[in-house]
A.B. asks: 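Okay, here's the structure, questions in a sec.
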Amino acid sequence: MRGWMIGGAAIAAAALPVAAWSQLSSTGSISALHGEDGWTPAVFVCDSTDRDRVLVLSPPDAQRVATLTSLSKPGLVRYQTRVRVGAADPGAGQIYYPLTNEAGRDVGNIHAVNPGMVDPGATTPTVTAVTWGRDTTGCRFAPQTRVLGVTAKRSVQVTRTDRDGYQYRSYNFDAELPAIERPWGGRDTRASLTVSGGRLVEERGGRRIYQFANNGYVYRVLASVDPAKGGGGVQVWRDGRMIQSEPFAAYTAAR
């Protein structure tokens with residue numbers, strides 16, 4: 001299939017400093033952010049369900065300092081700030097990571113669900129909210145997520161269930177989409193388009209292509225799961241011809 005690597009570029013491999021980050025990063029997935037220098041690794045991608053933004057956290061360094069990037073919806077204009085991520089404070093199935101600024105002042109927290117509490121299996125980071133100051137951003141999360149990516153116009157999510165197989169959902173940024181809850185701590189909004197019965201049509205060289213057919217159109221979601229090579233996006237095909245292609249600016253994909 002042509003044009004699978006939308007915006008593809010090298011992504012530097014980066015290991016998180018301590019195992020305690022497992023609830024944030026998920027060893028079974030890859031997260032990445034695209035910028036002027038190509039793809040860089042991320043701990044998680046928070047696609048907001050209640051704010052016009054996407055939040056992406058870079059891997060913390062040895063001093064637990066990281067870059068928090070905010071991408072506005074639509075267009076994905078970015079704003080970045082440096083934060084220090086504190087040690088996990090676990091509760092009854094909930095985990096909080098405190099955030100401080102470079103001066104050491106408390107500025108918020110990251111909220112994650114304990115992956116062991118997600119009965120169908122958490123295949124991507126279980127971050128469900130990020131609080132910054134007085135503002136809390138809810139993060140899109142569903143069990144058995146295969147891909148969660150954002151383009152300049154929409155978010156795209158691929159999940160898998162025993163009943164529906166691979167399911168495609170897109171969330172257009174120019175639409176009012178009410179928030180809904182999903183089982184096991186999941187968060188979501190009503191989708192602009194949902195297509196079930198998808199297939200994994202290609203899996204080689206660290207790349208995945210999921211394909212969905214709907215009323216004469218074919219939707220293909222593409223994602224690299226190779227830590228050394230980022231890239232992905234969504235394509236729309238009709239009558240064997242690609243009529244639309246949108247690269248991801250940030251994404252998470254299950255390996």
Side-chain angles (χ1 to χ4, degrees), residues 14-33 41-51 53-60 64 66-71 83 85-99 108-132 135-150 155-162 166-167 169 171 179-189 191 208 221 223 225 227 232 248 250-255:
L16 294 174
V18 290
W21 295 107
S22 60
Q23 284 84 8
L24 285 179
S25 63
S26 175
T27 57
S29 67
I30 176 177
S31 297
L33 172 68
V43 176
F44 63 82
V45 174
C46 168
D47 178 36
S48 177
T49 58
D50 50 12
R51 299 289 188 275
R53 65 176 71 112
V54 179
L55 300 177
V56 184
L57 184 72
S58 71
R64 293 183 178 266
T67 298
L68 183 64
T69 300
S70 175
L71 307 172
V83 297
V85 187
D89 180 16
Q94 312 295 315
I95 305 170
Y96 290 87
Y97 293 84
L99 297 175
N109 64 73
I110 299 167
H111 176 213
V113 177
N114 188 326
M117 302 293 290
V118 182
D119 186 44
T123 52
T124 56
T126 59
V127 174
T128 58
V130 177
T131 296
W132 183 261
D135 185 61
T136 296
T137 299
C139 306
R140 196 180 310 280
F141 170 73
Q144 290 294 313
T145 295
R146 295 303 190 265
V147 181
L148 175 62
V150 292
S155 302
V156 172
Q157 186 178 51
V158 176
T159 57
R160 181 171 176 81
T161 66
D162 292 337
Y166 292 110
Q167 189 171 68
R169 294 186 184 93
Y171 308 85
I180 59 176
E181 292 187 0
R182 293 207 175 273
W184 301 283
R187 296 194 180 187
D188 204 350
T189 56
R208 304 272 174 81
V221 179
V225 294
F248 289 151
Y251 75 97
T252 293
R255 296 178 184 174

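When a residue number appears, it is its place in the shown sequence, counting from 1.
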A.B. asks: Are the side chain of T126 and the backbone of V113 linked by a donor-acceptor contact shorter than 3.5 Å?
C.D. replies: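 Checking the backbone N and O of V113 against the side chain of T126, a donor-acceptor pair under 3.5 Å is found.
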
A.B. asks: Between S29 and P125, is any pair of side-chain heavy atoms under 4.5 Å apart?
C.D. replies: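 A side-chain contact under 4.5 Å exists here.
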
A.B. asks: Are a donor atom and an acceptor atom from the side chains of R146 and T159 found within less than 3.5 Å of each other?
C.D. replies: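 Side-chain D/A pair, R146 to T159: absent.
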
A.B. asks: Are side-chain heavy atoms of L57 and V127 found at a separation under 4.5 Å?
C.D. replies: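 They are not in side-chain contact.
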
A.B. asks: If you round to the nearest 0.5 Å, how far is OG1 of T131 from NE2 of H111?
C.D. replies: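 Nearest 0.5 Å value for the NE2-OG1 distance: 9.5 Å.
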
A.B. asks: Find the distance between CH2 (W132) and CZ (R51) and round it off to the nearest 0.5 Å.
C.D. replies: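 W132 atom CH2 to R51 atom CZ measures 15.5 Å (nearest 0.5 Å).
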
A.B. asks: Between R140 and T189, does the side-chain contact (heavy atoms from CB on, under 4.5 Å) criterion hold? Intermediate values first, please.
C.D. replies: CA-CA 8 Å; R140 196 180 310 280; T189 56; 3.0 Å; yes

A.B. asks: Under 3.5 Å, is there a donor-acceptor pair linking the side chains of S48 and D50?
C.D. replies: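 S48 vs D50: donor-acceptor pair found between side chains.
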
A.B. asks: Can a donor-acceptor pair be found, under 3.5 Å and without considering hydrogens, that links the side chain of R208 to the backbone of R255?
C.D. replies: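 Indeed, once roles are kept as given, a pair shorter than 3.5 Å links the two residues.
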
A.B. asks: Would you please test V118 and F141 for side-chain contact (heavy atoms from CB on, under 4.5 Å) and show each step?
C.D. replies: CA-CA 11 Å; V118 182; F141 170 73; 4.3 Å; yes

A.B. asks: About how many Å separate CG of L71 and CZ of R53, when rounded to the nearest 0.5 Å?
C.D. replies: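 These two atoms lie 11.0 Å from each other.
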
A.B. asks: To check you understand the geometry: which heavy-atom pair defines the closest contact between G149 and Y251, and what is its length?
C.D. replies: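 Taking G149 first and Y251 second, the nearest heavy atoms are CA-CB, 3.8 Å.
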
A.B. asks: Determine the minimum heavy-atom distance between V45 and A32, stating which atoms define it.
C.D. replies: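 Shortest heavy-atom separation between V45 and A32 comes out as CG2-O, 4.2 Å.
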
A.B. asks: Just how far is it from atom CD1 of I110 to atom CG of L68, taken to the nearest 0.5 Å?
C.D. replies: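 Nearest 0.5 Å value for the CD1-CG distance: 7.5 Å.
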
A.B. asks: For F44 and V130, what are the C-alpha separation, side-chain angles and deciding distance, and is it a side-chain contact (heavy atoms from CB on, under 4.5 Å)?
C.D. replies: CA-CA 11 Å; F44 63 82; V130 177; 4.1 Å; yes

A.B. asks: Are T69 and L55 close enough, and set up right, to give a side-chain contact (heavy atoms from CB on, under 4.5 Å), and what steps lead you there?
C.D. replies: CA-CA 6 Å; T69 300; L55 300 177; over 6 Å; no

A.B. asks: Given 3.5 Å as the limit, does a donor-acceptor pair link the side chain of Q144 with the main chain of P120, or not?
C.D. replies: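 It does hold such a pair.
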
A.B. asks: Supply the atom-to-atom distance T252 OG1 to Q157 CD, rounded to the nearest 0.5 angstrom.
C.D. replies: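 The OG1 atom of T252 sits 10.5 Å away from the CD atom of Q157.
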
A.B. asks: If only atom types and distance count, is the side chain of S58 paired as donor or acceptor with the main-chain N or O of T67 below 3.5 Å?
C.D. replies: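 Present.
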
A.B. asks: Looking at every non-hydrogen atom in both residues, tell me the closest pair between G138 and C46 and how far apart they are.
C.D. replies: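 Closest approach of G138 to C46: O-SG, 4.1 Å.
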
A.B. asks: Take atom CG of D135 as the centre, draw a 6.0 Å sphere, and report whether it contains more than 12 heavy atoms from other residues, nucleotides or ligands.
C.D. replies: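 Enclosed: over 12 neighbouring heavy atoms sit under 6.0 Å from CG of D135.
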
A.B. asks: Looking only at heavy atoms, which two atoms of P59 and A42 are closest? And how far apart?
C.D. replies: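 Looking at all heavy atoms of both residues, the shortest contact is CD-CA, 4.1 Å.
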
A.B. asks: Looking at every non-hydrogen atom in both residues, tell me the closest pair between T49 and C139 and how far apart they are.
C.D. replies: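 In terms of heavy atoms, the two residues are closest at CG2-C, 4.1 Å.
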
A.B. asks: Going from OG1 on T145 to CZ on R169, what distance comes out if it is rounded to the nearest 0.5 angstrom?
C.D. replies: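 Answer rounded to 0.5 Å: 8.5 Å.
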
A.B. asks: Applying side-chain hydrogen bond (donor to acceptor under 3.5 Å, both in side chains) to Y171 and D47, what does each step give before you reach the verdict?
C.D. replies: CA-CA 10 Å; Y171 308 85; D47 178 36; over 6 Å; no

A.B. asks: Indicate the atoms forming the closest heavy-atom contact of A129 with R187, along with that distance.
C.D. replies: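 Where A129 meets R187 most closely, the heavy atoms are CB-NH1, 4.0 Å.
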
